[in-house]
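FYI, side chains are in, hydrogens and waters are out, and symmetry mates aren't considered; it's all heavy atoms of this structure. Naming: A, B, ... by sequence-line order, numbering from 1 per chain. The structure displayed is predicted, hence computed values, not measured ones.
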Amino acid sequence: MQERYNPLEIEQSFQRQWSESQPWKVSEDKTKPKYYLLEMFPYPSGRIHMGHVRNYSIGDVVARFKRLQGYNVLHPMGWDAFGMPAENAAIQHDTHPAIWTRENIANMRTQLKRMGFSYDWDRELATCEPDYYRWEQLIFLKMFEKGLAYKKSAAVNWCPECETVLANEQVEDECCWRCENKVEQKELDQWFFRITNYAEELLEWTGKLPGWPESVLTMQRNWIGKSTGCELDFAVDGQDETVRVFTTRPDTLFGATFMSLAPEHPLAKTLTVPERSEEVEAFVKKVQAADQTQRTSGEYEKEGVFTGSYCINPVNGARIPVFLANFVLMGYGTGAVMAVPAHDQRDFEFARKYDLPLQVVIQPEGEIVGPATMSEAWEGPGTMVNSGNFDGLDNETGKQKISEQLEADGAGQKSVNYRIRDWLVSRQRYWGTPIPVVYCDDCGTVPVSEEELPVKLPTDIKFTGEGGSPLASLESFVNTSCPECGQPARRETDTFDTFVESSWYFLRYASPHCDKSPIEKSAVDYWLPADQYIGGVEHAVLHLLYARFWTKIMRDLDMISLDEPFENLLTQGMVCMETQSCPEHGWLYPEEIENGRCARCQAAVVSGRNEKMSKSKKNVIDPDGLIKRYGADTARLFTLFASPPEKDLEWNDQGVEGCFRFLNRVWRLVYDNLPTIEAVAEVDAASLQPSARELRRLAHRTIKKVTEDIDGSFHLNTAIAAVMELVNGIMAFPDKESAPEVLREAIESVVRLLSPFVPHICEELWQNLGYVDSLQESGWPVWDEEALVADTLLIVVQVNGKVRGKVTVPADADNETVEASALADTNVARFIEGKTVRKVIVVPGRLVNVVVG
RNA sequence: GCGGGUGUGGUGGAACUGGUAGACACGCUAGAUUUAGGAUCUAGUGCCGUAAGGUGUGUGGGUUCGAGUCCCUCCACCCGCACCA
């Protein structure tokens, strides 16, 4: 055995072996319990970053652990390979997205292998390959057939920088999720997936995913945004029209004193009387000129205009004026709102501004509110008043009763509204899956026939960066014949949102080479759902919602029998680091700083906030540099030890040093003790001296702790801390020579327990301990319950709840004995002296509390 | 506004069903070793105090023999949704 720990040599040697023997290649084996460990696959940007290192290190611990426990573990890796950066790179570097992407994949694959992650590389897939996306096109055809994919003209989000439309989920604060530029609204003809058909089921299942973090479930519930109420019709006075409204507060119907329509409402023009049309048109123009951000921010001043028409309240015949109001959105509900100023704050403000009447219909308990005295709307519960037959009911009952009445009268019905909109999936970009559709002058929108698939993305393309998608100008692609009538026709030149590919890659992993269909059902039946999914929380309402939706789609197309794809979800925190900047040169990389000064101009460097590592702010650590300096095991160990997986990780170079020192200590632990433990007998538990029994107890306690910390709970940082304690305990063990078999067991435990975290060094140490077979074949250690039992216990003695002493008692001492020795402690006696002992509480195995007074 | 979450030493973080708060690590201090530095080893390290002891988990209160943990109040910060009818 070498004296010094040489990580690079060891790691490369094992990685070469693993490449050849492919120890993690799996197939369906019904004799073993399966475990599908999935990590969010990366976009092939070119290099892995610390976020990947962290994500995949967490996953690899669990994969290796489960394998050692005897599970048949599927642990795949692939590439989310379509997307904008490839196109931008092609324009900038005069290359082709396909070449750029494949080179990046090759680089990153090497980097992942250099980290020692235990993937089944045989299942690797890249979504930009026709043998992947052809199946996506097939599923699209089936969705089209069922009306689950459709094209419509709608006001959509347009990113001028990316020159494409975006889904609602991809707009954050009115900005593009990718380039952070301001998004515009445009009326365009686009492809949608009917996710709204699944709104209720997606919502319902958020209550049936106990393995998901509450925060993600809540975000999805918010996004789906269900509200229940009813829809009802208001007749227009003197015209043969009705205005349909949606309300969640039918109980306030008697309090409706006016009506607000969205400026875009189809009836807006019809209801405007000629003498008001000038004013109304001016108002509509003004609202349309304001951008969406202003219009939907709470601070936007409520404004409106009277149309001159009146509606009739169906329950009491009241004649109420119809307004157009800037805060009413056409995209939600029916685009018309019955305004109840006494019980809705927005309506209240609007009514005060335009001097419209208030009618109180819900009286809160214990106070009297009236139109004259109200300074804000009462939105809380109460008793119904001024509501005809419904007076005296509590308003919750009133909601039910009024809805029933409306239904009985045929004036309305109970109704549910969702905030979620259909998923806009077409993109005006080149580097994506072609949408397999043809436009024919005679036959209209015609799907490509299944036999024609895949519609391959053409590669003979020039990238100028101008004029939108290069596909549209590629005659050889665009010009085709109609699948139905054979006449000349044009291909769809939009491609799919890349989130379509990532919505089902985890299903494809089950049978990645299947060339008959998207998936092999038996393989999906065996492996899915994924037992554990690990990735960043930024996909809470994007990928994680789409993937759930797609799974249900494939289920309803009878391709799989699965309701939900991911049994357990772990959202790991971000990797953060302080930003550093120079007044002259802006953001600085860590290696551009020398002794707190800018390497170029020697100006003092200013430290900024601790935030997510990002290239744009240059607060990044390159995994490659870390591996070269310390090895992959240290890189893995630090990201796992520095903080619990779900929390953000603060980068700390000294912490990395500390982890490297620890691995050196482990190395030395084996090296120094090897002569003592090379040839020893089995442990004979019965004949051990107290100190050896103590060490053995520590070793077994650690096995238990590490097992329980990894399994299900992901307390990886405390698992590592526990092994560190064991190492400290072994180093301090005084009787190494007289109890070598216990020493060996303890040292072996360290090596075995650490192996999922730092596999290379452990494998090497295992061999040095004399084993020929791989550590991966050795199984996970099990603790001996009997070894956990202590001979003596340390009992804390409190007087009136304050710690005054500690006594050691035999483990089997009864309460009386424990109490007696507690009271006999000299320091405890000091505090009891002269006082009456009122009560003594003995907590077996823990403490004694003496209550005096 | 609604919903979710988080507040513990100089720092990252521990603490099972209420039972020694601060495990483990970083940093720091002192010492050993070393030509020096690094590495390594030993001891110490919440705060106040020479000590005995006091005090301490965002604030204030409550339950309890005993509260970081349970209940109530308030505060701060983070995340998601938001004129959603």
Practice item. State whether A/E214 and A/R221 are salt-bridged, where the test is any N-O pair (Lys NZ or Arg NE/NH1/NH2 against Asp/Glu carboxylate O) under 4.0 Å. Key: yes

Revision key, fill the gap. Quick note, A/I841 side chain, CB onward, closest among B/A85, B/U40, B/G19 is B/G19

Study note, to complete from the structure: Whichever of A/N800 and A/F246 has the more 5' nearest nucleotide on RNA chain B, that residue is A/N800

Distances for protein N or O near nucleotides 47-51 of chain B N or O, under 3.5 Å:
none

Point to revise | Polar side-chain contact A/N849-B/C65 base: donor and acceptor under 3.5 Å | key: yes

Exercise for review: Could you check whether A/K802 gets within reach of a base, just the sugar-phosphate, or nothing at all, counting any heavy atom under 4.0 Å?
Suggested key: sugar-phosphate

Review point. Can you name the side chain to side chain donor-acceptor pair (under 3.5 Å) partners of A/Q170, sequence neighbours left out?
Key: A/R427, A/D497

Practice item. Would you mind classifying the nucleic acid contact of A/R421 as base, sugar-phosphate or nothing, using non-hydrogen atoms under 4.0 angstrom? Key: nothing

Check your understanding: Heavy atom of residues 333-340 of chain A under 4.0 Å from RNA chain B: which residues?
Key -> A/V337

Exercise for review: Would you indicate what A/Q345 reaches in the nucleic acid, counting non-hydrogen atoms under 4.0 angstrom: base, sugar-phosphate, or nothing?
Suggested key: nothing

Check your understanding: Rounding to the closest angstrom, what is the interatomic distance between B/U6 and B/G68 at atom C1'?
Key -> 14 Å

Exercise for review: Can you check whether any acceptor in the base of B/C83 is under 3.5 Å from a donor in the side chain of A/K302, or vice versa?
Suggested key: yes

Polar-atom pairs under 3.5 Å, protein N or O versus N or O of nucleotides 10-16 of chain B: list them with distances, or write none.
from, atom 1, to, atom 2, distance (Å)
B/G12, O2', A/A642, O, 2.6
B/G13, O3', A/N717, ND2, 3.3
B/A14, OP1, A/N717, ND2, 3.2
B/C16, N3, A/R846, NH2, 2.9
B/C16, N4, A/R846, NH1, 3.4
B/C16, N4, A/R846, NH2, 2.7

Review point. In dot-bracket, 5' to 3', how would RNA chain B read with Watson-Crick or G-U wobble pairs under 3.5 Å, [ ] for crossing ones and | for pairs to another strand?
Key: (((((((..(((......[....)))((((((.......))))))(((....)))..(.(((..]....))).))))))))....

Exercise for review: Sticking with atom C1', work out how far B/C75 lies from B/G37, rounded to a whole angstrom.
Suggested key: 50 Å

Practice item. Could you list the residues that satisfy side chain to side chain donor-acceptor pair (under 3.5 Å) with A/R804, not counting sequence neighbours? Key: none

Practice item. Using the closest heavy atom to pick a nucleotide of RNA chain B for each, name whichever of A/L794 or A/G658 lands nearer the 5' end. Key: A/L794

